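What you see is a predicted model, and the numbers here were worked out from it, not measured in a lab. First the proteins, then the strands, lettered A, B, ... as listed; each starts at 1.
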2 protein chains.
Amino acid sequence: MEKAPYHHGDLRNALLDAARRIVERDGAEAVSLRSLAEDLGVSRGAPYRHFPDRDTLLAEVAAAGFEEHAAAYQGFLDTVMDPRERMALTTRFYLDYGARKPGLHRLMFESDLLARNPPPAVLIPPADRSYRLLVDIVRQAFPDESEDAVLARTITAISTTIGFLTLRGAGRFKAFMRGGLSDADIDAAVIAAVAGR
Amino acid sequence: MEKAPYHHGDLRNALLDAARRIVERDGAEAVSLRSLAEDLGVSRGAPYRHFPDRDTLLAEVAAAGFEEHAAAYQGFLDTVMDPRERMALTTRFYLDYGARKPGLHRLMFESDLLARNPPPAVLIPPADRSYRLLVDIVRQAFPDESEDAVLARTITAISTTIGFLTLRGAGRFKAFMRGGLSDADIDAAVIAAVAGR
DNA sequence: CCTCAATGTTGTCTGCGCTTACATTGCCTC
DNA sequence: GAGGCAATGTAAGCGCAGACAACATTGAGG
């Protein structure tokens, strides 16, 4: 018969994993250090040994999200040869990811973690990496455009994609559905607007 | 010497006004019924006489926001004659509004109030009205397009606009600023992407 | 073996949403 | 006017959460 050891063993990573699962499903608001501790069979003060506060934990979850997110469409650079098709696939990947993990998506793209002064240090490298990757993909899809135009296009492209997910998540498109447009139609319209101009 | 009357007089509207001010400046998360009650000099239970819960109050604040928002660019339909220019002005109005009242903007376009089942009844008419107005503006700016195309374009247009505000608010464009693009350049790029295709 | 740093526990404070039981007020009717 | 009643406000309390401080336990290195 196993008796529970005084020390958890790897509480830090266990907290990150558990928080991540909750964020993916129910959003960052649903994460509570207390209930996390309870789930992991540990006292409510224990998490503070590993994270000074709740936001620091969430920042690490978001950082891991950016890593995973960027790594996934990094692959398109190697496997998909046509630059325009690559851009369309990247957009579709964003849409799928946002639909599959809405809470994590919100934490990454809507929370004000990166707007803090200063932003959490763990968050900056993966966020920058993801941003640079995206600019590369846009640049190769529109090779004739100036660098400023490419940057501007990257901004509008990601704005369209993220905004669409935000608004759909907020239920603002329910009214549009009565207009005979299917989900697939709308997805296609977004992808066309981003990649097809 | 005035003694405080037992009844506030118009607590309901006082709550709405106070909540609105806090939402505009600091976001809906900063609204607490307790501190609202304290500010207005009533007991902490008093607000519950007027709103069954916090979300109901926030829904009314959002509804008022949609009214004001739509009324403002309703004016463009009457005063601005060129349909494309009208569309550009509407976009600029969205951008200004989001920059001026970020918290209210988030409550209106990012919160999940409208995604509930059922959504708060007070919210549906103003949200629908705002949506129809927007479709009208897009339809007149692109009169040759099919109705489905107009709907799709409305969706991508508002997605671009709201997404841009969301991402800028989330600090995700800080990295882009180092690329030599000014705020005005980026605003212009968004407006061009929405209205100028 | 002993010490110490890392890690986990317990108790406490504050603030919040929400509910229940009770108090005050003003209006409406007779 | 007096009585009654609905609207409105107060007071107290529950459960949950974040954060901190004081204390306990453990294991690794000197």
Gap between atoms CD and C1', on B:E38 and C:dG15 respectively (whole Å)
11 Å

In terms of ring plane angle, is the pair B:Y73 and B:Y94 parallel, tilted or perpendicular, where the classes change at 30° and 60°?
tilted

Separation of A:N13 atom CG from C:dT7 atom C1', in whole Å?
15 Å

Presence of A:S32 side-chain N/O under 4.0 Å of D:dG18 phosphate oxygens OP1/OP2
yes

Atom CZ of A:R12 to atom C1' of C:dG8: distance rounded to whole Å?
16 Å

Hey, which of these two, B:L11 or B:R34, hits DNA chain D nearer its 5' end, going by closest nucleotide?
B:L11

Can the positive tip of A:R172 be found less than 6.0 Å from the middle of the six-membered ring of B:Y131, inside 45° of the ring normal?
no

Value in whole Å for how far the P atom of D:dG18 lies from CD of B:E29:
16 Å

Using a cut-off of strictly less than 4.0 Å, decide whether A:S35 has a side-chain nitrogen or oxygen near OP1 or OP2 of D:dC16.
no

Test A:R116 against A:D112 for salt bridge (Lys or Arg N to Asp or Glu O under 4.0 Å), laying out the working first.
CA-CA 7 Å; A:R116 309 278 170 82; A:D112 62 347; 3.2 Å; yes

Can you classify the ring geometry of A:H105 versus A:F109 as parallel (below 30°), tilted (30 to 60°) or perpendicular (above 60°)?
tilted

Starting at CG of A:D82, measure out to CE of A:M87 and round the result to the nearest 0.5 Å.
12.0 Å

Could you state the atom-to-atom distance from CG of B:L40 to C1' of D:dG9 in whole Å?
13 Å

Mind telling me whether B:F93 and B:F76 have parallel, tilted or perpendicular rings, with 30° and 60° as the class edges?
perpendicular

Output the residues of residues 43-65 of chain B in contact with DNA chain D, where contact means a heavy atom of the residue under 4.0 Å from an atom of the strand; sort by number or write none.
B:S43, B:R44, B:G45, B:A46, B:R49, B:H50

D:dC16 P sits how many Å from A:L36 CG, rounded?
16 Å

